[in-house]
2 protein chains.
Amino acid sequence: MAKTEERVKRSRRPTIRDVSQLAGVSRMTVSRVISDPDLVLPATRQKVASAIADLGYVPDRAAGSLASRKTGFIALMLPTLTNANFAAVAHGLTEVLREANYQLLIAYTEYDMAEEERQLRNLLARRPEAIVLTGATHSNAASKLLLSADVPILEIADLPSRPIGHVIGFSNQEVGRTAARYLIDKGFTRIGAVGATVEGEVLDHRGEERMRGFEDELRYAGLPTDAVVRHGKAPLSYDHGAAAIGVLLDKAPDCEAVFAVSDLSAVGVLMECQRRGISVPDQLSVIGFGDFEIGRIINPPLTTIHVDFNGLGQRTGKTIVELLKRGVSSETGRVDVGLSIIERKSVKT
Amino acid sequence: MAKTEERVKRSRRPTIRDVSQLAGVSRMTVSRVISDPDLVLPATRQKVASAIADLGYVPDRAAGSLASRKTGFIALMLPTLTNANFAAVAHGLTEVLREANYQLLIAYTEYDMAEEERQLRNLLARRPEAIVLTGATHSNAASKLLLSADVPILEIADLPSRPIGHVIGFSNQEVGRTAARYLIDKGFTRIGAVGATVEGEVLDHRGEERMRGFEDELRYAGLPTDAVVRHGKAPLSYDHGAAAIGVLLDKAPDCEAVFAVSDLSAVGVLMECQRRGISVPDQLSVIGFGDFEIGRIINPPLTTIHVDFNGLGQRTGKTIVELLKRGVSSETGRVDVGLSIIERKSVKT
DNA sequence: CGCCCTCATGTTAACGGTCCCATAGATTTG
DNA sequence: CAAATCTATGGGACCGTTAACATGAGGGCG
């Protein structure tokens with residue numbers, strides 16, 4: 001009178017065992033109805049399905065993960081969620097992964113490398129089947145953790161020279177260079193830029209790459225780089241641009257054209273110029289990066305460098321699905337999704 | 001020569017067993033070093049710690065969850081991630097939950113109720129210890145699932161009349177009413193609004209509540225509601241506002257003041273007005289909702305209704321931590337975080 | 001000096017699924 | 001028509017961890 005009849009336990013969540021008993025089949029059959037119904041006779045399937053419905057059974061993926069060694073998690077590490085382009089990446093990624101029944105595990109680092117490491121450790125404990133990282137700069141410890149994780153690693157939104165996994169991205173340096181070339185070709189000679197500072201633990205590597213590319217190209221053209229201003233810290237936003245352009249104009253009042261490492265900053269620049277009565281593009285030309293929606297709507301519409309972030313997310317998702325379908329493949333792909341200039345009205349022609 | 005000595009298995013991930021053998025202690029001791037180090041003698045702790053480091057051991061939370069019946073997951077369901085205010089909620093929530101070592105599981109529905117149900121089922125299979133929902137309108141099946149989940153449910157960013165769990169939010173109707181009252185008090189009599197349509201499965205309940213509150217207040221004041229325009233579908237954005245104000249002005253060219261259910265739309269309205277040479281606020285006053293950063297930076301700065309979304313997220317996080325600490329408590333709290341008008345320059349005084 | 005505590009650690013049995021193999025009946029095949 | 005193959009289902013071990021209880025060594029105390 002012990003063992004068997006302790007159904008007295010008041011209302012825990014139903015398990016697969018409860019379902020199997022109610023349906024009069026084995027646990028394994030229930031499991032099959034859930035994960036691959038075609039293996040089960042329609043009549044049996046029906047019995048099981050109604051037992052599931054009656055009990056309100058919801059399978060426990062933690063138990064399933066443990067047994068099958070597949071968690072269905074994909075880890076995504078972002079600098080921040082409060083940036084439309086990163087959100088777009090997450091969005092595109094989800095779209096694709098949803099279909100394949102993967103669940104995204106999102107962590108964000110606030111551009112802080114120590115935090116990245118902590119977050120990574122947390123994520124790894126969940127045994128993701130693939131790991132997606134934004135940007136290519138990681139601490140040593142982080143790299144070691146990643147390497148020993150033994151799952152596909154995807155580095156996106158960058159084009160690192162020494163990647164540790166698959167790469168799907170674009171060159172942030174090239175973004176900077178393209179912006180510079182564009183302005184130089186328009187005939188400007190007094191050219192500046194605004195970005196974030198690079199001190200401390202909290203920094204925006206990808207933005208800094210864009211700044212460097214920009215400076216390189218100015219130098220290459222024999223132009224001065226003294227109007228390239230690093231001000232405030234990531235994440236960049238409208239206020240950043242408004243403040244930074246002030247600093248820039250103090251330093252170089254004769255500046256004719258400016259590159260902002262983010263459209264958000266660029267919009268801040270535009271608004272500050274309106275306030276100061278500086279006409280864009282007549283007195284100052286502005287080019288941004290990111291092609292945020294606001295740039296299209298603002299007056300004057302913002303000339304910017306576009307990258308298809310949503311598509312980048314989708315592409316990453318497809319790669320992951322592909323990779324996981326055909327087992328481990330350690331050949332590391334490298335995809336450059338490229339970039340394009342969107343010419344609008346904020347640069348004088 | 002069987003059983004014991006099959007360490008030949010080439011390099012699976014190390015388990016707690018490997019660590020315990022290397023450190024010469026039991027598995028339980030390793031477990032304690034990880035989850036509550038104070039229970040273990042410093043010397044032992046040290047041995048274990050270095051075994052962990054040597055092997056690069058990372059615990060498997062799926063196994064841990066199964067055994068301890070605690071997953072450390074908190075589920076968050078949002079309409080979309082591409083909205084700064086929802087992102088801010090996620091942000092505030094994470095800040096708090098990080099400390100307490102919970103991992104956020106984010107799902108988004110694209111304002112689609114069928115999708116909400118699917119997502120909910122996925123989330124539930126992960127056994128979250130609490131579930132956070134935005135908005136208070138759910139399908140019947142979803143409500144049933146939620147109720148039987150037997151974990152705290154928090155409904156946020158709304159103030160439902162018949163809540164199914166804890167509520168931390170504000171009244172979206174009150175937002176609409178407040179906006180209307182503000183414009184009425186300013187002496188306007190020809191007042192309109194722009195929001196999204198309400199047809200089909202995909203809709204923005206919370207936005208619609210704001211519209212209703214607005215209409216109610218107009219009616220209460222004896223004013224016509226024919227300039228309240230529902231156009232396009234959620235998620236709202238800049239383009240929405242630009243398009244919707246066109247529709248509104250066709251219908252009611254004499255409109256003096258307009259409420260946009262989202263700042264994003266409001267900014268679109270402002271920009272479209274600039275393009276059409278309509279002076280804001282001289283010819284048309286505009287008030288928005290959400291206090292998005294862009295509204296502060298734009299010219300003229302946007303008058304809007306502010307809700308502290310980041311704080312709302314934090315508060316939600318704290319409530320969850322509190323709730324989980326002191327075991328199940330089924331008393332359902334109700335917190336109104338309130339709202340405030342931010343007067344800037346887009347409404348004529 | 002025996003007794004009882006406390007503290008550090010070990011032992012055992014779950015947790016809720018799925019993998020792998022076995023089995024019995026139905027169906028094909030030479 | 002016996003053997004081989006296929007189909008639908010079942011049985012048991014196992015995934016990696018922790019809860020709960022057991023154990024044994026040391027310390028304080030009357």
Side-chain angles (χ1 to χ4, degrees), chain A residues 2-4 6 9 12-48 51-52 55-73 101 124-127 129, chain B residues 2-4 6 9 12-49 51-52 55-73 101 124-127 129 150:
Chain A
K3 213 65 184 288
T4 324
E6 49 173 342
K9 275 173 184 169
R12 341 127 315 200
R13 306 203 67 158
T15 72
I16 202 171
R17 178 167 261 121
D18 300 315
V19 176
S20 72
Q21 279 168 6
L22 182 56
V25 298
S26 73
R27 279 172 301 155
M28 209 41 228
T29 299
V30 177
S31 174
R32 279 191 271 254
V33 169
I34 291 164
S35 57
D36 194 352
D38 292 341
L39 292 177
V40 177
L41 230 47
T44 322
R45 203 188 302 160
Q46 189 44 52
K47 271 193 305 185
V48 173
I52 289 179
L55 293 172
Y57 169 70
V58 178
D60 184 332
R61 294 278 260 128
S65 302
L66 188 55
S68 68
R69 322 178 117 259
K70 290 199 183 327
T71 57
F73 281 131
N101 249 294
L124 252 22
R126 303 294 185 173
R127 299 292 188 265
E129 299 184 43
Chain B
K3 214 68 184 287
T4 323
E6 48 173 343
K9 274 175 185 170
R12 340 128 314 201
R13 305 203 68 158
T15 73
I16 203 171
R17 178 168 261 122
D18 299 315
V19 176
S20 72
Q21 280 169 5
L22 182 57
V25 298
S26 73
R27 279 172 299 157
M28 209 42 227
T29 299
V30 178
S31 174
R32 280 191 271 254
V33 169
I34 292 165
S35 57
D36 194 351
D38 292 340
L39 292 176
V40 177
L41 229 47
T44 322
R45 202 187 305 160
Q46 189 45 52
K47 270 192 307 185
V48 173
I52 289 178
L55 293 172
Y57 169 72
V58 178
D60 184 332
R61 294 280 257 128
S65 302
L66 188 55
S68 68
R69 323 183 113 259
K70 288 196 183 331
T71 58
F73 282 130
N101 249 295
L124 252 22
R126 304 294 186 175
R127 299 292 187 266
E129 298 184 43
D150 196 34

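Lettering of chains follows the sequences in order, A, B, ..., and the numbering in each one begins at 1.
When heavy atoms are screened at a 4.0 angstrom cut-off, A:R61 is found touching no nucleic acid atom at all. If you check every strand for non-hydrogen atoms under 4.0 Å, B:T15 touches sugar and phosphate atoms only. Within 4.0 Å of A:T44, counting heavy atoms only, lie sugar-phosphate atoms of the nucleic acid but no base atom. Across all strands, B:S65 comes closer than 4.0 Å to no nucleic acid atom at all (heavy-atom distances).
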A:R126 vs B:S65, side-chain contact (heavy atoms from CB on, under 4.5 Å): CA-CA, chis, key distance, verdict
CA-CA 10 Å; A:R126 303 294 185 173; B:S65 302; 4.2 Å; yes
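Taking only side-chain atoms of B:M28, from C-beta outward, the nucleotide of C:dG17, C:dT11, D:dG10 with the closest atom is C:dT11. In this structure, of D:dT9, D:dT17, C:dG17, it is C:dG17 that holds the atom nearest to the side chain of A:A67.
The base of D:dG10 sits within donor-acceptor range of the side chain of A:R32, with an N or O pair under 3.5 Å. Below the 3.5 angstrom threshold, one finds no donor paired with an acceptor across the side chain of A:R69 and the base of C:dT18. Donor-acceptor pairing under 3.5 Å, judged by distance alone, is absent between the side chain of A:R12 and the base of C:dG16.
If you take CZ of A:R45 and P of D:dT7, they are 15 Å apart, rounded to a whole angstrom. One can place CD of A:Q46 at 17 Å from P of D:dA8, the figure rounded to the nearest angstrom. As a whole-Å value, the separation of B:K70 NZ from D:dT18 C1' is 12 Å. If you measure from atom CG of B:L66 to atom P of D:dT18, you get 11 Å, rounded to the nearest angstrom. Rounded to whole angstrom, the span from the CD atom of A:Q21 across to the C1' atom of D:dG10 amounts to 15 Å. Distance CZ (B:R17) to P (D:dT18): 13 Å, rounded to an integer number of Å. Computed from coordinates, the B:D60 CG to C:dG17 C1' distance equals 14 Å when rounded to whole Å. The nearest whole Å value for the distance from the CG atom in A:D38 to the P atom in D:dC6 is 18 Å.
Residues B:R127 and A:V58 are in side-chain contact: their nearest non-hydrogen atoms beyond the backbone lie under 4.5 Å apart. Residues B:L55 and B:L22 have side chains in contact (heavy-atom distance under 4.5 Å, counting atoms from C-beta outward). The side-chain heavy atoms of A:V30 and A:V25, taken from C-beta on, include a pair separated by under 4.5 Å.
Distances shown here put every side-chain N or O of A:S26 at or beyond 4.0 Å from the OP1 or OP2 atom of D:dG11.
Mapped onto DNA chain C by nearest heavy atom, B:L39 and B:R127 fall at different nucleotides, with B:L39 at the one closer to the 5' end. With the nearest nucleotide of DNA chain D identified for both A:R27 and A:L41, A:L41 has the one nearer the 5' end.
The one candidate from A:I34, A:I16, A:D18 that meets the side-chain contact (heavy atoms from CB on, under 4.5 Å) condition with A:I52 is A:I34.
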